[in-house]
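Please read the structure below before turning to the comments.
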There are 2 protein chains.
Amino acid sequence: MYSITRTFKNKGLKLTPQRIAVYEYLLGTKQHPSAETIYSALIEKFPTMSLATVYKSLKTLCKVELVQELNLGEGNFRYDAFMEEHAHFQCNHCSTVFDMMNVPTDRVMEAVSGNESFLIESSRLYFYGTCLECQKKNA
Amino acid sequence: MYSITRTFKNKGLKLTPQRIAVYEYLLGTKQHPSAETIYSALIEKFPTMSLATVYKSLKTLCKVELVQELNLGEGNFRYDAFMEEHAHFQCNHCSTVFDMMNVPTDRVMEAVSGNESFLIESSRLYFYGTCLECQKKNA
DNA sequence: TTAATTGCAAAAGCTTTGCATGAAT
DNA sequence: ATTCATGCAAAGCTTTTGCAATTAA
């Protein structure tokens, strides 16, 4: 709430119910939803909202760095409002995407920076495998 | 040559000129090309080849693990025939994708595995920033 | 009031699919 | 002789765009 209000005011962007709804939906979930999923969830409360508006809102939220876009190779994007540098894990069985809190992303980036001629500014670290739930199921 | 012949025979897949051409093109480049780029390059030597065949060949090559699919968040896939675990770097200015040979991917994965309940099987590590060329240009 | 955003429909990419022809085994 | 792959065109998805109507500032 606070951050989106301040951020949008600073940048001269208008705070619309649709933009707030998209942002709050993302703040309230750990699912890393796609645009379509967000749209389906919000259409109940905002029956007139269009999918194009969801896309435009997400684009705006990404530009002001309140949201990040993930691409796990599924053929669409997922979105995440948790903006601390962190890696992601996707289960190959149930496709769920989890935040990985224990990957020292900044240390990985430092280590990498020391060895390469590239000036590294950001990263996307994806890991794939079997989540705990699916390990139990197939054990 | 050797590996694609053996691999395809083992799996009962047919070795066609198109499939060989796609694979050899990927072996001979460090550009991490898209399907479209591969198609444009091969159409000279194979005037009858279709884009759909490029896609089908890539899908097959990925399935037999001779090629890997990358997604850097551009809205399309890129392909890489270099199959040792390695990270990638994309320049935010010129969009070039580089292999990163100095990222200890397996050590990163080990470190991560020790901290999480996930069973990690593979990874895609992407870094973004400014490549050496573009650092020089803007210096 | 004015400048930006929404919502709709249409368009634009990228990738996949179905099916008849053609090629590899 | 079979079975699988190719090539074409069409379809499918996700995402973007144009523009009139609407809303936030």
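Each chain gets a letter, A, B and so on, in the order the sequences are listed, and its residues count up from 1.
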| Test side-chain contact (heavy atoms from CB on, under 4.5 Å) applied to Y79(A) and L70(A), step by step | CA-CA 6 Å; Y79(A) 296 88; L70(A) 306 180; over 6 Å; no

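- Among residues at least two apart or in separate chains, ring pair (Phe, Tyr, Trp, His ring centres under 6.0 Å) pairs with a member in residues 32-76 of chain A are H32(A)-H88(A).
- In this structure, I20(A) places its CD1 atom 11 Å from C1' of dA24(D), rounding to the nearest Å.
- Look at CZ on F8(A): it is 19 Å from P on dT23(D), rounded to the nearest Å.
- Residue N71(A) contributes atom CG, which lies 12 Å from atom C1' of dT15(D) at whole-angstrom precision.
- Look at NZ on K11(A): it is 14 Å from P on dT5(C), rounded to the nearest Å.
- For S50(A) and T53(A), the side-chain atoms include at least one donor-acceptor pair closer than 3.5 Å.
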| Checking side-chain contact (heavy atoms from CB on, under 4.5 Å) for the pair F8(B)/T16(B): CA distance, chi angles, key distance, verdict? | CA-CA 10 Å; F8(B) 274 51; T16(B) 65; over 6 Å; no

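- Each salt bridge (Lys or Arg N to Asp or Glu O under 4.0 Å) pair with one or both residues in residues 44-65 of chain B, not counting sequence neighbours, would appear here, but there are none.
- Mapping T53(A) and T16(B) onto DNA chain C via the closest heavy atom, the residue that lands nearer the 5' end is T53(A).
- Remark: E133(A) CD is loosely packed, at most 12 non-hydrogen atoms of other residues, nucleotides or ligands lying under 6.0 Å away.
- With dT15(C), dT6(D), dT15(D) as the choices, the nucleotide that has an atom nearest any side-chain atom of N76(A) turns out to be dT15(D).
- If you take OH of Y23(A) and P of dT5(C), they are 18 Å apart, rounded to a whole angstrom.
- The backbone N or O of T130(A) lies less than 3.5 Å from a partner atom in the side chain of Q135(A), making a donor-acceptor pair.
- Judged purely by distance below 3.5 Å, without hydrogens or angles, the side chains of T37(B) and S34(B) pair a donor atom with an acceptor atom.
- Rounded to a whole Å, the CG atom of L70(B) is 12 Å from the P atom of dT15(C).
- Computed from coordinates, the R19(B) CZ to dG7(D) C1' distance equals 14 Å when rounded to whole Å.
- Crowding of E121(B) atom CD: a count of heavy atoms from other residues, nucleotides or ligands under 6.0 Å exceeding 12.
- Between F127(A) and F118(B), the distance separating the two ring centers is not shorter than 6.0 angstrom.
- End-to-end axis angle of the helix from dT1(C)-dA25(D) to dT25(C)-dA1(D), from C1' rotation axes over five pairs per end: 40° (rounded to 10 degrees).
- Here R78(A) pairs with E74(A) under the salt bridge (charged side-chain N to carboxylate O under 4.0 Å, His left out) rule; sequence neighbours left out.
- Across dT15(C), dT6(C), dT6(D), the shortest atom-to-atom separation from the side chain of Q18(A) is found for dT6(C).
- For DNA chain C, no neighbouring residue in residues 29-48 of chain B is found when judged by any heavy atom under 4.0 Å.
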| query | In the 5'-to-3' direction, what one-character label does each nucleotide of nucleotides 16-22 of chain C receive under the scheme B = base within less than 4.0 Å of a protein heavy atom, S = sugar-phosphate only, - = no such atom? | reply | BBB----

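- Nearest approach of L58(A) to A35(A), heavy atoms of both residues: CD1-CB, 3.9 Å.
- Residue L58(B) contributes atom CG, which lies 11 Å from atom P of dT6(D) at whole-angstrom precision.
- Residue-level contact check: G12(A) touches neither bases nor backbone, having no heavy atom under 4.0 Å from any strand.
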